[in-house]
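Model, not experiment: these values are computed from the prediction.
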Amino acid sequence: IFSFDTEDFTSNVSADAIVREAEILRKHGVRGCFCLVGLLAKQLKAWGRNDVIEALQHHEINLHTYGHTLHPMINEYTDIEDFEAARAELIRQETEAIRLIKETVGTDKIYAAVPPGNSKSYAAMYAYSDMGIPVYADTFCDPSDGSGSWYCNIFHVEYAYCCEQNFFDADESKLKEILDELSKRKRAVIYTHPNASLFDEWWDILNYDKENLCEFGEWKECHRRPQEQSEKFYENLNRIVELIKNDSRFRIVTYKDVADEIAEKTPRTITRNDLYK
């Protein structure tokens with residue numbers, strides 16, 4: 001699975017990277033999973049970025065929360081004693097995020113929810129399941145072989161490899177070494193943040209670190225990487241897609257395929273006896 005945390009709602013320039021990375025996959029006939037922040041979907045329309053919207057429509061669109069690091073974050077507003085109140089507020093916000101995403105990109109169904117960074121919330125996991133979202137990606141609740149697991153009534157899939165680790169300078173041998181490691185897993189989610197290919201600072205640290213540091217719309221722009229770094233990143237993204245597509249150890253899928261796979265299995269029923277085994 002190629003998964004993109006598509007999140008930077010503060011920079012119109014950052015949106016250029018979404019188009020670039022979406023088109024790299026499309027060129028190879030590969031569908032990526034672009035996990036979109038609701039506020040970014042809103043901003044794409046406000047910026048008139050029809051090029052980004054068109055590029056995304058060739059891929060699977062999933063959910064990366066309503067506001068990502070906008071405070072209170074998802075793990076902050078659900079960290080209360082009243083579980084039902086936490087669940088209700090999450091459903092309210094994430095329903096609005098899905099509305100914005102569908103209104104902008106036109107996707108018909110969301111197959112995966114992705115939390116921002118370490119902002120995990122068990123209330124969110126239950127709520128996403130109740131909303132009909134079958135997969136929770138970027139989790140800690142996945143066996144080391146990548147086979148996935150059920151937790152809080154939703155199927156969890158771990159992020160396995162972050163492109164920002166090596167793609168700015170990796171050579172061919174390094175890319176093949178990465179694939180050898182990923183081939184040991186049942187599922188391997190390769191992920192990246194499009195904004196990171198253009199900027200060497202994080203948009204949310206600059207604008208939302210621990211608190212809302214600016215008024216909405218009055219954001220600070222991150223520092224640009226040298227162009228040759230960005231081009232090297234795109235070159236390696238392009239190359240790893242080529243390598244995986246032509247490697248018999250891999251089959252490129254989306255979160256929808258994971259959802260279809262788990263739906264075909266026998267319904268999960270846990271008995272008292274199971275708990276004592």
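Two rings, from Phe9 and Tyr208, have their centers less than 6.0 Å apart.
Contact record, His64 with Thr6: CD2-N, 4.3 Å, taken as the closest heavy-atom pair. Here the closest non-hydrogen pair linking Lys120 and Asn75 is O-CB, 3.9 Å.
Using modelled atom types and a 3.5 Å distance limit, the side chains of Asn238 and His28 yield a donor-acceptor pair. A donor-acceptor contact closer than 3.5 angstrom is absent between the side chains of Tyr77 and Ser121. Using a 3.5 Å distance cut-off with no hydrogens or angles, the side chains of Thr271 and Asn273 do not pair a donor with an acceptor. With 3.5 Å as the limit, one finds no donor-acceptor pair spanning the side chains of Thr65 and Glu94. A side-chain N or O of Ser11 and one of Glu221 form a donor-acceptor pair less than 3.5 Å apart.
Relative orientation of the His193 and Trp202 rings is perpendicular, given thresholds of 30° and 60° on the angle between their planes. Classification of the Phe168-Phe233 ring pair by plane angle, with boundaries at 30° and 60°, yields tilted.
A salt bridge links Arg49 with Asp16; the closest basic N to acidic carboxylate O contact falls under 4.0 Å. A salt bridge does not link Glu242 to Lys245: none of the charged nitrogens lies less than 4.0 Å from a carboxylate oxygen. A salt bridge links Lys256 and Asp260; the closest N-O separation between the charged side-chain nitrogens and carboxylate oxygens is under 4.0 Å. Salt bridge annotation for Lys186-Glu261: present, with a cationic side-chain nitrogen under 4.0 angstrom from a carboxylate oxygen. By the 4.0 Å N-to-carboxylate-O rule, Glu231 lies close enough to Arg20 to be salt-bridged with it.
Cluster membership check: Trp203 shares its hydrophobic cluster with Val19, using side-chain heavy-atom separations under 4.5 Å among Ile, Leu, Val, Met, Phe, Trp and Tyr.
Lys27 NZ: more than 12 foreign heavy atoms inside a 6.0 Å radius. In Lys176, the NZ atom is not crowded: 12 or fewer heavy atoms of neighbouring residues, nucleotides or ligands sit closer than 6.0 Å. Counted within 6.0 Å of CD on Glu84, heavy atoms from surrounding residues, nucleotides or ligands total more than 12; the atom is thus considered enclosed. Within 6.0 Å of atom CD in Glu172, more than 12 heavy atoms from other residues, nucleotides or ligands are found, so the atom counts as buried in its surroundings.
Using a 4.5 Å heavy-atom threshold, the side chains of Phe155 and Val258 count as touching. Between Tyr191 and Cys35 the shortest side-chain heavy-atom distance does not fall below 4.5 Å.
Just one of Glu21, His58, His59 meets the side-chain hydrogen bond (donor to acceptor under 3.5 Å, both in side chains) condition when paired with Arg26; it is His58.
Residues satisfying the side chain to side chain donor-acceptor pair (under 3.5 Å) test with Asp247, not counting sequence neighbours, are Arg249.
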